[in-house]
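These notes concern the structure reproduced below.
All values below come from the heavy atoms of this structure, side chains included, with hydrogens, waters and symmetry mates left out.
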Amino acid sequence: MNLEQLEYIVEVAKTGSLTSAAQNKHVTLSAISQSISHLETELGIHLFTRSRLGATLTPEGKLIIQKAYEILHKVQDLRDEAEGYSNDVSGELRVASIPGPMSLWVDSLMGFKRAYPNIRMEITEKGSQEILDDIRHNKLDIGLIIKSEHIHQNLTGLTFEPLLQGRIVAGVSRQSPLALRSTITAEQLRHETLAIYQDDYVTWFVQYFQEQYGSVNLLYTSNNTDAIRTSVINHHAVTLGMDFSFLHGPDLFASKIITLELESIEQQPVYLGWVRAEGKHFSGIYRNFIARLKEDIESSHG
């Protein structure tokens with residue numbers, strides 16, 4: 001028994017045809033047929049029932065083919081693991097993040113690029129739903145999104161792994177009278193002018209807040225973070241966002257905006273995590289990137 005034989009029976013099982021399998025593997029029909037026959041003789045069972053209509057798995061063949069899949073996946077994992085330790089590896093890493101926590105990627109991306117200089121990286125900021133859609137259509141490999149029980153996100157066919165738990169905080173100018181406090185109450189928040197980032201969870205939270213505590217003075221919602229920063233810093237507006245969105249930000253942001261806890265305002269768990277296609281082969285390169293990202297996030301929140 002060898003890996004080539006396992007690859008052949010898997011291809012036949014996929015296509016239901018020895019001829020199609022031979023074409024896909026770029027070998028002769030005879031080579032495929034003889035390889036399968038030799039394997040069946042070695043195992044002492046028939047894997048396929050052959051007819052003019054093609055090749056179908058026998059009951060025994062269905063069990064064997066599952067094992068063959070597992071073996072081939074393990075072999076690929078081994079190859080990818082070895083590949084992941086070579087800085088000569090080339091390829092592409094396509095990742096996207098919702099805008100708030102983009103700064104959390106910076107150290108991981110730079111360290112990853114230094115370790116794998118031949119990897120071409122494509123980094124974008126997008127909304128959660130666009131990230132999910134792009135992963136499903138193979139336009140992205142990894143996405144960083146927020147997941148909450150209050151936000152319905154169709155994760156069918158996708159795998160989500162939490163990295164960090166967060167909560168909503170208020171961002172205010174250091175020159176604001178509010179900056180003398182460490183918290184802000186619901187009543188105080190209601191009377192402030194708000195500039196809000198156009199994010200699914202933040203939007204939901206503002207709606208929830210108004211249902212519980214009354215209407216707010218909403219100046220605007222925007223997906224332009226620079227406009228929101230300007231409104232907060234120069235015009236003393238207040239913004240709301242996830243606490244991790246205010247970490248490691250641009251110097252202007254970090255030095256002129258501070259965060260206040262929301263006093264006595266109930267919040268449910270919200271998780272920042274990475275998402276990818278379920279069942280898609282995840283190479284050593286991607287696993288190394290995620291491991292680096294986890295390590296950087298854990299160290300910054302240790």
What are the two closest non-hydrogen atoms of [X] and [Y], and how far apart are they?
X    : Y    : value
I9   : F48  : O-CZ, 3.5 Å
D243 : V169 : CA-CG2, 3.8 Å
H137 : D133 : ND1-O, 2.7 Å
V238 : A170 : CG1-CB, 4.0 Å
V232 : G171 : CG1-O, 4.0 Å
F244 : L272 : CZ-CB, 3.6 Å

Nearest 0.5 Å, please: how far is [atom2] in [Y] from [atom1] in [X]?
X    : Y    : atom1 : atom2 : result
E7   : N2   : CD    : CG    : 8.5 Å
W274 : L158 : CH2   : CG    : 11.5 Å
I142 : I145 : CD1   : CD1   : 13.0 Å
Q5   : L43  : CD    : CG    : 8.5 Å
I98  : N223 : CD1   : CG    : 13.0 Å
E263 : T183 : CD    : OG1   : 4.0 Å

*List the steps and the verdict of side-chain contact (heavy atoms from CB on, under 4.5 Å) for I45 and E60.*
CA-CA 7 Å; I45 59 174; E60 297 85 358; 4.0 Å; yes
*Same cluster or not: are L63 and L39 linked, directly or through other Ile, Leu, Val, Met, Phe, Trp or Tyr residues, by side-chain heavy atoms under 4.5 angstrom apart?*
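No; L39 is not reachable from L63 via cluster members.
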*Answer yes when D141 and R276 have at least one side-chain N-carboxylate O distance shorter than 4.0 Å, and no when they do not.*
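No, this pair does not count.
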Taking atom types as modelled and ignoring hydrogens, do the side chains of [X] and [Y] form a donor-acceptor contact shorter than 3.5 angstrom?
X    : Y    : answer
D200 : S128 : no
E11  : T15  : no
R94  : N138 : yes

Non-hydrogen side-chain atoms of [X] and [Y] separated by less than 4.5 Å:
X    : Y    : answer
L140 : I131 : yes
Y201 : K147 : no
T58  : K62  : no
T239 : Y197 : no
I228 : Y220 : yes
K294 : L163 : yes
L155 : L132 : yes
K74  : I71  : no

*Does the side-chain contact (heavy atoms from CB on, under 4.5 Å) test come out yes or no for E122 and V95, once each step is laid out?*
CA-CA 6 Å; E122 180 182 317; V95 298; over 6 Å; no
*asked:* Before you tell me yes or no, could you show the steps for Q23 and T19 under side-chain hydrogen bond (donor to acceptor under 3.5 Å, both in side chains), namely the whole-Å CA-CA distance, both residues' side-chain angles and the distance that decides it to 0.1 Å?
replied: CA-CA 6 Å; Q23 292 173 346; T19 301; over 6 Å; no
[X] side-chain N/O to [Y] backbone N/O, donor-acceptor pair under 3.5 Å:
X    : Y    : value
H191 : E187 : yes
S176 : V172 : no
E40  : L47  : yes
Q267 : I168 : yes
T41  : S37  : yes
E42  : M1   : yes
Q207 : W204 : no
S231 : A227 : yes
R174 : I233 : no
T221 : Q198 : no

*In sequence, state the C-alpha distance, the side-chain angles, and the governing distance for S33 and R50, and then conclude on side-chain hydrogen bond (donor to acceptor under 3.5 Å, both in side chains).*
CA-CA 10 Å; S33 180; R50 308 186 198 188; 3.0 Å; yes
*Q175, CD: over 12 other non-hydrogen atoms inside 6.0 angstrom*: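 For Q175, atom CD is not crowded (no more than 12 foreign heavy atoms under 6.0 Å).
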*asked:* For the NE2 atom on H46, are there more than 12 heavy atoms of other groups (residues, nucleotides or ligands in this structure) within a distance under 6.0 Å?
replied: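 12 or below, so no.
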*Candidate list L178, L260, L240, V216, test side-chain contact (heavy atoms from CB on, under 4.5 Å), partner L189, passing option*: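 Only one of L178, L260, L240, V216 forms a side-chain contact (heavy atoms from CB on, under 4.5 Å) with L189, namely L240.
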*Could you go step by step and tell me if F246 and I258 meet the side-chain contact (heavy atoms from CB on, under 4.5 Å) rule?*
CA-CA 8 Å; F246 293 88; I258 66 170; over 6 Å; no
_With salt bridge (charged side-chain N to carboxylate O under 4.0 Å, His left out) as the criterion, how do R181 and E261 come out once you've worked through the C-alpha distance, each side chain's angles and the decisive distance to 0.1 Å?_
CA-CA 9 Å; R181 302 173 52 90; E261 298 289 335; over 6 Å; no
*Do the ring planes of Y208 and F205 sit parallel (below 30°), tilted (30 to 60°) or perpendicular (above 60°)?*
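The rings of Y208 and F205 sit tilted, inter-plane angle from 30° to 60°.
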_Worked check of side-chain contact (heavy atoms from CB on, under 4.5 Å) between I146 and Y271_ = CA-CA 6 Å; I146 288 175; Y271 297 95; over 6 Å; no
